[in-house]
Amino acid sequence: MVGYAFMGLAHSQGWRNARSFFDPRLVPDLVAIGGRDAEAAGEMARRFDWQHVETDWRTLVDRPDVDLVDICTPGDTHAEIAIAALEAGKHVLCEKPLANTVAEARAMAAAAERAAQHGVRSMVGFTYRRVPAVALARQLVQEGRVGQVRHVRAQYLQDWLVDPESPLTWRLQKDRAGSGALGDIGAHIIDLTHFVTGERITGVSALLETFVRERPLPGATHGLSAEASEGRGAVTVDDAAIFLGRLSGGALATFEATRFATGRKNAIRLEVNGSRGSLAFDFEDMNVLHVHDASVDAREGGFTRVVVTETSHPYVEHWWPAGHGLGYEHGFTHQAADLIDAIARGVDPEPSFADGLAVQEVLAAVELSAATGSCWTPTDHSTDG
Ligand code: SOE
């Protein structure tokens with residue numbers, strides 16, 4: 001694993017719990033964790049039983065005892081590490097968004113396609129696909145239960161940047177993160193729309209806004225000098241993104257991704273309306289899917305609150321008895337287990353790097369549309385800015 005912060009933690013527990021709860025055909029062995037800060041990486045190694053610490057990702061990728069590289073670093077490093085790992089014959093799991101630009105994502109998808117010819121697998125970390133209620137939503141759409149999809153209403157609402165004194169971390173710097181709320185959390189709802197409907201976003205009209213344009217520099221702990229840590233720096237990404245989209249099957253969709261939805265912590269909301277019914281999900285009540293079947297007699301109509309904790313629901317049989325519920329971390333375990341299973345069976349896992357590229361093309365189209373006064377912007381063959 002390269003990286004040891006929030007995602008490093010989430011993925012580490014994923015690998016460990018996949019081993020314990022999924023009885024995988026291949027047992028993940030936590031060989032080495034990499035990070036420039038040896039002390040911080042060492043602390044993660046101690047907590048999760050990683051056997052070695054590497055301070056250079058190249059050394060980690062070159063280790064003969066490493067078969068899979070899990071990339072949990074900021075977006076500006078994804079392409080270089082992923083392509084090197086794939087060319088070295090290592091399977092790759094890469095955090096989202098796949099890259100910072102369409103050009104990088106294209107190079108990564110091409111490297112993944114070449115590697116796949118030699119049985120080397122790659123996956124991008126859109127973990128919310130693996131929340132049981134979301135996986136159930138996709139199953140129901142695939143089974144035709146909502147009929148022809150007419151509307152998608154997708155939101156990802158957070159509020160951790162409402163305080164203007166919240167520091168200027170890497171997530172607020174375009175050269176590190178690619179974009180702001182758009183790529184960090186908007187990417188999830190774009191991917192969820194593709195996943196649940198089985199359709200692609202073909203064009204967008206967008207608005208982006210940066211509400212707080214300067215923030216305090218984070219200080220010495222982030223490698224800045226004491227003087228610099230007293231100053232403020234420019235926020236170079238969006239705080240919020242709103243866009244309209246069309247789907248390949250003809251549906252109309254709206255998207256909202258913001259870090260300024262005061263009071264909303266991690267509200268990933270997806271509603272799908274079709275000719276035969278509707279589905280609604282909110283991550284803040286993540287064990288529930290609301291299902292409406294339009295054929296039910298109007299007297300008993302409306303949305304049914306389905307508690308997605310039955311063993312017949314996706315992933316649930318590996319966990320607790322009905323009604324005991326899962327949390328945020330389980331998606332990472334499901335992701336690890338699915339990837340291991342794909343490697344063991346010799347098939348390509350999903351979401352693929354090509355799926356990650358499709359999301360990247362939407363992100364680029366949103367940025368282009370916003371920069372050109374919300375002009376309608378097709379996503380196919382979209383390029384950076
Ligand atoms: C920060 O906004 C963040 O950690 C994202 O980077 C994750 O992808 C999301 O799942 C939770 O919020």
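Just so you know, ligand 1 is whichever comes first in the structure, and atom 1 is the first atom listed for that ligand.
Ranking protein heavy atoms by distance to atom 12 (O) of ligand 1, first place goes to Gln158 NE2, 2.9 Å. Nearest non-hydrogen protein atom to atom 6 (O) of ligand 1 is Asp184 OD1, 2.4 Å. Looking only at protein heavy atoms, the nearest one to atom 11 (C) of ligand 1 is Tyr156 OH, 3.3 Å. The nearest protein atom to atom 4 (O) of ligand 1, hydrogens excluded, is given as Phe6 CE2, 3.0 Å; this is a heavy-atom distance. Nearest non-hydrogen protein atom to atom 10 (O) of ligand 1 is Tyr128 OH, 2.5 Å.
Between the side chains of Asn287 and Thr309, not a single donor N or O lies within less than 3.5 Å of an accepting N or O.
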Check the pair Arg121 / Asp348 against salt bridge (Lys or Arg N to Asp or Glu O under 4.0 Å), numbers first and verdict last. CA-CA 6 Å; Arg121 313 291 166 194; Asp348 287 319; 2.9 Å; yes
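The side chain of Arg171, and not its backbone, has at least one atom closer than 4.0 Å to an atom of ligand 1 (non-hydrogen atoms only; side chain from C-beta on). When non-hydrogen atoms are compared, ligand 1 lies under 4.0 Å from the side chain of His188 (C-beta onward) but not from its backbone. Residue Ile185 touches ligand 1 through its side chain alone, judged by heavy-atom distances below 4.0 Å. No part of Phe126 comes within 4.0 Å of ligand 1, judged by heavy-atom distances.
For the residue pair Pro314 and Pro132, the shortest heavy atom distance occurs at O-CB, 3.3 Å. Looking at every heavy atom in both residues, Arg19 comes nearest to Val27 through CD-CG1, 3.5 Å.
Between Asp285 and Arg269, none of the side-chain N atoms (NZ, or NE/NH1/NH2) sits under 4.0 Å from a carboxylate O, so this pair counts as no salt bridge. Residues Glu367 and Lys174 are paired through a salt bridge, judged by an N-O separation under 4.0 Å between the basic side chain and the carboxylate. Here Asp159 pairs with Lys265 in a salt bridge; the nearest charged N to carboxylate O distance falls below 4.0 Å.
Taking the six-membered ring for Trp and the full ring otherwise, Trp320 and Phe21 have centroids separated by under 6.0 Å.
For ligand 1, none of its N or O atoms has an N or O atom of Asn266 under 3.5 Å away.
Interface atoms of ligand 1 facing Lys96, defined by a heavy-atom separation under 4.0 Å, are 5 (C), 6 (O), 7 (C), 8 (O).
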